[in-house]
Amino acid sequence: MGEVNPGGMPQGRGQETENLIPGVKDVIAVSSGKGGVGKSTVSVNLAVALALTDAKVGLLDADIYGPNIPMMMGVTKPPEQKDGKIVPAESHGVKLISMGFFVPEDTAVVWRGPMVHTAIQQLFRDVLWGELDYLLIDLPPGTGDAQLTLTQLVPLTGAVTVTTPQEVALHDVRKGMMMFQKVNVPLLGIVENMGYFLCPHCGGRTEIFSCGGGERAAEKLGIPFLGRIPIDPAIRAGGDTGLPIVVANPESRPAMAFKDIAAKLAAKICSPAGEGQSVPRIESLLKKIKKPVSAG
Ligand SMILES: Nc1ncnc2c1ncn2[C@@H]1O[C@H](COP(=O)(O)OP(=O)(O)O)[C@@H](O)[C@H]1O
Ligand SMILES: [Mg+2]
Ligand SMILES: [Zn+2]
């Protein structure tokens, strides 16, 4: 754990905001420009992969519009309480709290800004997170109240963005990144999901969209590229059965891809200020981001 915002303006770490989770070393937001790109799948597998390295890991499902992390982690029981606080559930070595525990299923909740703020605040303040090396936060897609609230409530180490490689998804990535930049949250990197398919029969590789779009976008925006995850029925099955592929089949290609990304992420967070892979500074990023991103 180290400083990853060397050149940026004060963003957090207890500077102008009260830190609601002082026992947590690094808070990582997992975001996406749009829904359905695999943000939750990536959050779950990265959290479990980090826990496999003996790190203490928490996962906060703050996707108020579609909190599905409990299912993906195989947690069915609501969390317990202790001295008026909520004890996180635990699964695959990861402490877990989801908005889904508190909001009845199938309720179409219309969230207004202040409600979002209060709800997310409670997920920090009222939960016994304890000492953690990493707390990953699965955010709702896009750039709404949840993102802003988060940056006000806890010092974020940085944001990871998940995207598919299509042009339309990449456009939204750029918007999301700009929002984080405005509030001086370091951009830890882009994960490209579902860009290619490895045939289980012949091992052949099929590019589903324009594979590599995530990497090209990262390059143009000056954001680190963390890696790509193939589209694989086993990844989907892992999510449906509550057994993430990283534990269900740890030596498989997709599991290795997740573990590799987790390792890169951990290294990025650890790397001291100014060294090789440190997070790009805001000014240079803003210059780069003005031009539209194209995958070509
Ligand atoms: N790499 C992948 N290969 C196969 N299925 C995937 C992959 N990533 C995600 N999925 C599936 O796609 C659907 C949407 O993923 P999810 O993680 O819920 O997206 P998001 O959180 O961005 O809305 C889920 O059914 C999930 O299992
Ligand atoms: Mg999701
Ligand atoms: Zn084949």
Side-chain angles (χ1 to χ4, degrees), residues 28-49 59-75 92 94 96-101 103 105 109 111 120 123 136-144 146-147 150 159-166 168-173 175-176 190-209 211-214 226-249 252-262:
I28 302 157
V30 184
S31 67
S32 68
K34 44 196 272 157
V37 298
K39 175 174 47 64
S40 301
T41 303
V42 169
S43 303
V44 159
N45 280 285
L46 288 185
V48 176
L59 180 55
L60 171 53
D61 182 7
D63 190 346
I64 43 182
Y65 304 103
N68 47 16
I69 298 263
M71 185 190 85
M72 290 182 162
M73 289 288 278
V75 174
H92 308 303
V94 173
L96 157 69
I97 280 293
S98 170
M99 209 61 184
F101 291 144
V103 180
E105 235 177 277
V109 191
W111 292 89
I120 293 185
L123 293 178
L136 271 65
I137 304 180
D138 184 13
L139 283 167
T143 56
Q147 282 76 4
L150 186 64
V160 171
T161 294
V162 181
T163 183
T164 53
Q166 304 99 306
V168 40
L170 293 172
H171 181 78
D172 292 337
V173 163
K175 279 197 287 188
I190 291 180
V191 175
E192 182 188 285
N193 189 28
M194 298 194 269
Y196 66 97
F197 174 71
L198 292 172
C199 176
H201 308 293
C202 68
R205 182 173 162 135
T206 309
E207 314 270 301
I208 308 283
F209 307 111
C211 185
L226 294 173
R228 56 175 58 97
I229 306 293
I231 186 162
D232 189 316
I235 296 179
R236 202 254 325 128
D240 288 352
T241 56
L243 205 61
I245 187 142
V246 165
V247 280
N249 195 352
S252 62
R253 291 278 290 273
M256 297 305 277
F258 279 121
K259 288 195 267 189
D260 183 56
I261 292 171

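Atoms within a ligand are numbered from 1 in the order they appear, just like the ligands themselves. Just the heavy atoms: all of them, side chains too, but no hydrogens, waters or symmetry mates, feed the values below.
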Nearest-contact summary for atom 25 (O) of ligand 1 - protein heavy atom, Å
Arg236 CG, 3.8 Å
For atom 14 (C) of ligand 1, tell me which residue out of Ser43, Gly36, Pro141, Ser31 has the closest non-hydrogen atom.
Gly36
Please check whether Gly239 reaches ligand 1 - meaning an N/O of the residue sits under 3.5 Å from an N/O of the ligand, judged on distance alone.
no
Closer than 4.0 Å: a protein non-hydrogen atom to atom 9 (C) of ligand 1
yes
Regarding ligand 1, does Gly38 bring an N or O atom to under 3.5 Å of one of the ligand's N or O atoms?
yes
Should Leu46 and Ile261 count as side-chain neighbours, where that means a heavy-atom distance under 4.5 Å?
yes
Numbered atoms of ligand 1 (with element) below 4.0 Å of Asn68, judged on heavy atoms:
18 (O)
Please state whether Ser32 comes within less than 4.0 angstrom of ligand 1, counting heavy atoms only.
no
Tell me, please: is Pro233 in heavy-atom contact with ligand 1, that is, under 4.0 Å?
no
Which of the atoms of ligand 1 are close to Asn193, meaning less than 4.0 Å from one of its heavy atoms?
1 (N), 2 (C), 7 (C), 8 (N), 9 (C)
Proximity winner for atom 26 (C) of ligand 1, if only heavy atoms of Thr164, Val42, Val44, Thr41 are counted:
Thr41
Polar proximity ligand 1 side, Asp138 side, N/O cut 3.5 Å exclusive:
no
Donor-acceptor pair, distance only, cut-off 3.5 Å: does the side chain of His92 make one with the backbone of Gly242?
yes
Beyond-backbone contact of Val37 with Asp172, side-chain heavy atoms, under 4.5 angstrom:
no
Write down the atom of Asn68, the atom of Ser40, and the distance for their closest heavy-atom approach.
OD1-OG, 3.3 Å
Do any N/O/S atoms of Asn68 come under 2.8 Å of the Mg ion (ligand 2)?
no
Considering non-hydrogen atoms of the protein only, which is the closest contact for atom 3 (N) of ligand 1, and what is the distance?
Asp232 N, 2.9 Å
Going from NZ on Lys34 to OG1 on Thr164, what distance comes out if it is rounded to the nearest 0.5 angstrom?
6.5 Å
CZ (Phe258) and CG (Asn193) are apart, to the nearest 0.5 Å, by 6.0 Å
Counting backbone and side chain alike, does His201 bring an N/O/S atom below 2.8 Å of the Zn ion (ligand 3)?
no
Tell me whether ligand 1 is touched by Ser40 - counting only heavy atoms on the residue side and a distance under 4.0 Å.
yes
Ligand 1 to Pro230, heavy atom cutoff 4.0 Å, flagged ligand atoms 1 (N), 2 (C), 3 (N)
Nearest heavy-atom approach of Arg228 to Ala257 is O-CB, 3.8 Å
Those residues that, when tested against Arg253, pass salt bridge (charged side-chain N to carboxylate O under 4.0 Å, His left out) (two or more places apart):
none
Between Gly213 and Leu170 the two heavy atoms that sit nearest each other are O-CD1, 3.6 Å
If hydrogens are left out, which of Lys39, Met72, Lys34 has an atom nearest to atom 18 (O) of ligand 1, that is, the closest non-hydrogen atom?
Met72
